[in-house]
Amino acid sequence: GSSFSLRVGVVSVEDINRIRVYGNDDLSFSKSGGLGKKYTIQETIDIDNDSPQNSIEVRVRDDKNNESKKEIIVFL
């Protein structure tokens, strides 16, 4: 496996209810409840990787159950 530092800023019109970060489809970070309209994730993410190319996906849900996600590819 590999690890790296991740810093992501999330801004929402509605209060953020849940944030999840997945590394190669495995849950690496989760935070729920009362996160406000702005939240910064600053975590060390550990992922199992069989190749240098890895998928990192951030999923966010607000209090009205609107969901958004962003995926990036990281080479480790």
Side-chain angles (χ1 to χ4, degrees):
S2 297
S3 64
F4 64 95
S5 294
L6 177 71
R7 182 181 167 113
V8 177
V10 178
V11 179
S12 175
V13 174
E14 301 295 331
D15 283 344
I16 299 163
N17 181 284
R18 183 178 71 200
I19 298 174
R20 289 184 174 165
V21 177
Y22 294 85
N24 294 334
D25 295 322
D26 292 328
L27 183 63
S28 298
F29 172 84
S30 182
K31 185 92 174 179
S32 299
L35 303 176
K37 290 181 170 58
K38 290 184 181 181
Y39 190 82
T40 300
I41 303 165
Q42 190 162 348
E43 294 287 325
T44 298
I45 303 295
D46 297 314
I47 59 175
D48 291 328
N49 57 338
D50 294 328
S51 73
Q53 182 175 321
N54 299 277
S55 166
I56 306 301
E57 186 174 84
V58 178
R59 298 180 191 173
V60 179
R61 186 177 70 192
D62 69 17
D63 281 343
K64 293 188 175 182
N65 286 328
N66 297 309
E67 291 189 339
S68 181
K69 63 181 175 180
K70 249 338 167 188
E71 182 180 18
I72 59 172
I73 302 299
V74 183
F75 292 88
L76 299 173

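Please read all numbers here as calculations on a predicted model, not as lab measurements.
- Rounding to the nearest 0.5 angstrom, the gap separating the CG atom in Leu27 from the CG atom in Asp25 is 11.0 Å.
- Hydrophobic clustering, defined by side-chain heavy atoms of Ile, Leu, Val, Met, Phe, Trp and Tyr closer than 4.5 Å, groups Ile73 together with Phe75.
- Each of Ile56, Ile47, Asn24, Leu6 was evaluated against Val74; a single residue qualifies, Ile56, per the side chain to side chain contact (heavy atoms under 4.5 Å, CB included) test.
- The nearest pair of heavy atoms linking Asn49 to Ser2 is ND2-OG, 3.2 Å.
- With hydrophobic clusters built from ILVMFWY side chains whose heavy atoms lie under 4.5 angstrom apart, Tyr22 does not share a cluster with Leu76.
- Ile72 and Val8 fall within a single hydrophobic cluster, where Ile, Leu, Val, Met, Phe, Trp and Tyr side chains are chained together by heavy-atom contacts under 4.5 Å.
- Ion pairing of Lys69 with Glu71 is absent here, as no side-chain N (NZ or NE/NH1/NH2) approaches a carboxylate O to less than 4.0 Å.
- The two residues Phe29 and Ile45 come nearest to each other via the heavy atoms CB-CD1, 4.3 Å.
- Between atom CD1 of residue Ile19 and atom CG of residue Asp62 there is a gap of 11.0 Å, rounded to the nearest 0.5 Å.
- When all heavy atoms of Asp46 and Ser3 are compared, the closest pair comes out as OD1-CB, 2.8 Å.
- To the nearest 0.5 Å, the span separating CD on Glu14 from NZ on Lys37 amounts to 6.5 Å.
- Interatomic distance, CG of Leu35 versus OG of Ser12, reported as 10.5 Å (0.5 Å rounding).
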Go through the steps to decide whether Arg61 and Arg20 satisfy the test side-chain contact (heavy atoms from CB on, under 4.5 Å), and finish with yes or no.
CA-CA 9 Å; Arg61 186 177 70 192; Arg20 289 184 174 165; over 6 Å; no

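- Atom-to-atom distance recorded for Ser32:OG and Asn17:CG is 6.5 Å, nearest 0.5 angstrom.
- Distance check: Glu57 CD to Ser28 OG gives 11.0 Å after rounding to the nearest 0.5 Å.
- When all heavy atoms are compared, the tightest approach of Val10 to Ile16 is CG1-CD1, 3.6 Å.
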